[in-house]
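The structure appears right after this line, and notes come after that.
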Protein chains: 2
Amino acid sequence: MSRKRLQKSADAPATVRTVAALAGVSIASASRVLNGIGGSTETVRRVREAAARVGYVPNAIARSLQARRTGLLALAVADIGNPVYVEMMRAIEEVAKRADYQLLVHATGADPEGETALLEGLARRYVDGMILSPLRIGDGHLTALGRSPVPVTVVGQLPDDAPFDNVRADSHGGVLLAIEHLADTGRKRIAFVNGAPDTLPGAARMTAYRAALTAVGLPYEEELVEIGDFQYAQGRAAAARLLARARPDAIFCANDLIAAGALHELLAGGLRVPQDVALVGMDDTALAEMSFPQISSVSLGAAERGRLAADLMLSRLENPQLAPRRETVAPTLTVRASSEVTL
Amino acid sequence: MSRKRLQKSADAPATVRTVAALAGVSIASASRVLNGIGGSTETVRRVREAAARVGYVPNAIARSLQARRTGLLALAVADIGNPVYVEMMRAIEEVAKRADYQLLVHATGADPEGETALLEGLARRYVDGMILSPLRIGDGHLTALGRSPVPVTVVGQLPDDAPFDNVRADSHGGVLLAIEHLADTGRKRIAFVNGAPDTLPGAARMTAYRAALTAVGLPYEEELVEIGDFQYAQGRAAAARLLARARPDAIFCANDLIAAGALHELLAGGLRVPQDVALVGMDDTALAEMSFPQISSVSLGAAERGRLAADLMLSRLENPQLAPRRETVAPTLTVRASSEVTL
DNA sequence: TTGTATGCGTTATCAC
DNA sequence: GTGATAACGCATACAA
């Protein structure tokens with residue numbers, strides 16, 4: 001039996017048994033030495049040498065099966081091209097690393113099927129937990145989440161009764177910050193370029209826009225609202241449509257990518273920013289600082305949300321019995337050149 | 001024995017044995033039904049029902065241990081905030097998906113330790129293969145790569161004798177494209193803002209710049225060269241230093257992030273682009289199109305490199321015996337507003 | 001079709 | 001300190 005083992009073809013990867021046999025000890029001893037626990041000086045020496053000779057590399061899959069943990073965390077986001085997710089990812093990674101977890105990122109491409117597939121694939125214990133930031137949440141999602149054998153933390157608006165750890169942005173507060181700022185600086189016709197309205201953030205920002213207008217005593221005007229998705233190209237096209245039919249004195253955009261597109265359209269049309277039209281974006285990503293002029297933007301605290309999500313995950317990993325928790329992050333406004341003038 | 005199994009605490013995740021016991025069949029039959037192979041109508045029904053009742057979810061780790069494959073591919077990049085990597089990632093993902101592999105992304109943060117750790121962690125068979133796009137390659141890397149039990153494909157300049165599948169960009173050809181274009185449009189003092197010169201791309205682009213100047217008959221001037229890293233902020237600072245001491249009529253930047261920074265600095269300094277100073281970036285990312293004016297940029301074929309890398313990986317997965325291969329992707333120049341004027 | 005038995009590579013338990 | 005041996009959860013060769 002053990003002789004048979006040794007006859008395996010030479011190029012088959014070395015296992016503990018290979019090492020043990022070569023060192024002339026039991027696999028138990030070999031395993032112990034390889035893990036740095038116990039062993040007489042002589043045993044240690046021989047096992048080490050044998051391992052080096054055959055280029056032994058432990059099989060993490062086997063180890064995980066036994067340990068019932070992989071030390072891996074997954075983050076699934078819709079669009080990894082959006083800097084806001086990069087920011088969130090960095091924050092999560094930092095927290096995870098401190099607890100000795102490695103972070104894996106997966107881009108779902110806003111494709112609900114992709115997310116479900118991910119849940120049913122990765123979450124089948126390839127990773128110890130997963131953090132999800134979906135653009136949409138359907139019933140399919142929810143039941144898939146419920147079936148997940150590993151803990152799931154959702155970043156985004158979740159139904160109130162959904163039994164998952166949840167970190168939310170304050171869309172309403174954030175939008176209000178932007179509209180108040182624009183109203184305070186004398187803007188009367190504040191347009192809104194939204195992302196896809198059938199997404200969680202899209203829907204939230206739309207209702208928040210109307211509410212904010214009311215709050216500052218401005219009328220809602222249909223022609224001042226335009227819709228694209230959350231990408232640059234669509235945002236720019238939407239801004240073009242808007243400018244072709246209306247003359248806003250300010251534009252609020254549902255994210256920085258859209259804002260960058262609107263800025264491009266404004267400048268290309270010979271409009272001065274902020275003198276003719278003030279511009280405010282959302283998410284406060286690197287993009288806002290990279291544009292010229294720099295774009296004012298409302299941060300929904302992506303990094304903070306990431307940090308919180310990671311914390312929730314880590315604590316749940318330690319204590320799975322915890323009741324579902326919900327955190328909300330406060331928004332902040334950073335005023336830059338694109339809205340720095342008072343009319 | 002099998003009775004003992006059934007006494008496990010109720011909240012422990014269901015396994016095949018749970019399902020088999022509940023359905024009153026052997027675990028072999030249960031496994032078969034669960035995998036859709038064979039089984040009498042009655043058996044299938046009972047197993048399916050049992051599985052549904054206990055919410056059975058297969059344990060991918062266990063399955064992988066037995067199958068000796070995970071269906072996962074990993075991509076490790078230095079800076080996921082750089083759009084060029086996003087582009088590469090998308091291309092890889094598309095190829096991988098078609099072959100039923102899921103792609104996981106890991107950001108190493110240009111930290112050589114991080115990359116090594118990744119290799120020694122993930123590559124221990126959590127994934128079936130990994131694609132690496134490192135900024136630097138030291139001997140440590142090379143030996144770590146050699147030890148990897150799973151195939152590795154490197155995107156980037158690898159030593160000629162390194163026995164790994166390798167996809168390269170043509171930095172020299174790309175830089176030449178940019179310099180020739182600028183020279184052709186009448187520019188005489190073409191500055192260069194490089195990224196970190198101790199990285200593979202940084203070093204390659206530097207020597208390519210000098211060679212290209214010679215090729216178009218322009219002198220190399222020390223004061224026209226500035227160095228940062230490959231990020232926006234550093235690029236912008238480098239451009240500021242450059243402009244403080246020299247008067248170039250064109251700036252070539254080692255990537256689009258740097259170019260965006262330089263553009264910002266130029267505009268902030270009241271210089272007109274392209275009339276006063278022409279600007280050309282590299283990588284041809286979305287950023288080049290998002291700036292105003294849009295930035296001319298040399299594409300090093302990130303998507304194509306990604307596609308090729310994925311192809312190499314997939315073919316090697318099918319046939320591990322393949323000899324190491326090397327592919328090189330041709331560069332292309334896209335001229336935009338930032339260099340559209342001939343002096 | 002079905003069940004028995006074995007192995008995937010590792011660690012943990014428990015005697016010695 | 002060391003060595004059998006039993007898990008971890010699943011899939012399959014083989015016999016029935």
Could you work out which one of D/dA11, C/dG9, D/dC10 sits closest to the side chain of B/R17?
D/dC10
Between B/E87 and B/R90, does any NZ, NE, NH1 or NH2 come within less than 4.0 Å of an OD or OE carboxylate oxygen?
no
Find the distance A/I61:CD1 to D/dC10:P and express it as a whole number of Å.
14 Å
Is there a side-chain contact between B/N59 and the phosphate of D/dC8, meaning an N or O under 4.0 Å from OP1 or OP2?
no
Given atom OH of B/Y56 and atom C1' of D/dA11, what is their separation to the nearest angstrom?
10 Å
Separation of atom CG in A/L65 from atom P in C/dG7, rounded to whole Å
17 Å
How many angstroms lie between CG in A/L65 and CZ in B/R63, if you round to the nearest 0.5 Å?
13.0 Å
Can you spot which of B/R45, B/R46, B/R53 makes a salt bridge (charged side-chain N to carboxylate O under 4.0 Å, His left out) with B/E49?
B/R45
Dump the pairs, protein N or O against N or O of nucleotides 2-6 of chain D, anything under 3.5 Å, distances to one decimal.
residue : atom : partner : partner atom : Å
D/dT2   : OP1  : A/S40   : OG           : 2.8
D/dT2   : OP1  : A/T43   : OG1          : 2.4
D/dT2   : OP2  : A/S40   : N            : 2.9
D/dT2   : OP2  : A/T43   : OG1          : 3.2
D/dG3   : OP2  : A/S26   : N            : 3.1
D/dG3   : OP2  : A/S26   : OG           : 3.2
D/dG3   : OP2  : A/S29   : OG           : 2.7
D/dG3   : N7   : A/R32   : NH2          : 2.7
D/dG3   : O6   : A/R32   : NH1          : 3.0

d(CG, B/N35; P, D/dA13) in whole Å:
13 Å
Classify the side-chain pair A/S64/A/Y126 by whether it contains a donor and acceptor separated by less than 3.5 Å.
no
Calculate the interatomic distance between A/R69 atom CZ and C/dT11 atom C1'; express it in whole Å.
14 Å
Taking only side-chain nitrogens and oxygens of B/R63, does any of them come within less than 4.0 Å of OP1 or OP2 of D/dA11?
yes
With a 4.0 Å limit, can you tell me whether A/S31 has a side-chain N or O closer than that to the phosphate oxygens OP1/OP2 of C/dT10?
no
Ionic contact status for B/D311 with B/R305, cut-off 4.0 Å
no
Roughly how many Å is it from CZ in B/R68 to C1' in C/dG9, rounded to a whole number?
10 Å
Starting at CZ of B/R69, measure out to CG of B/L317 and round the result to the nearest 0.5 Å.
7.5 Å
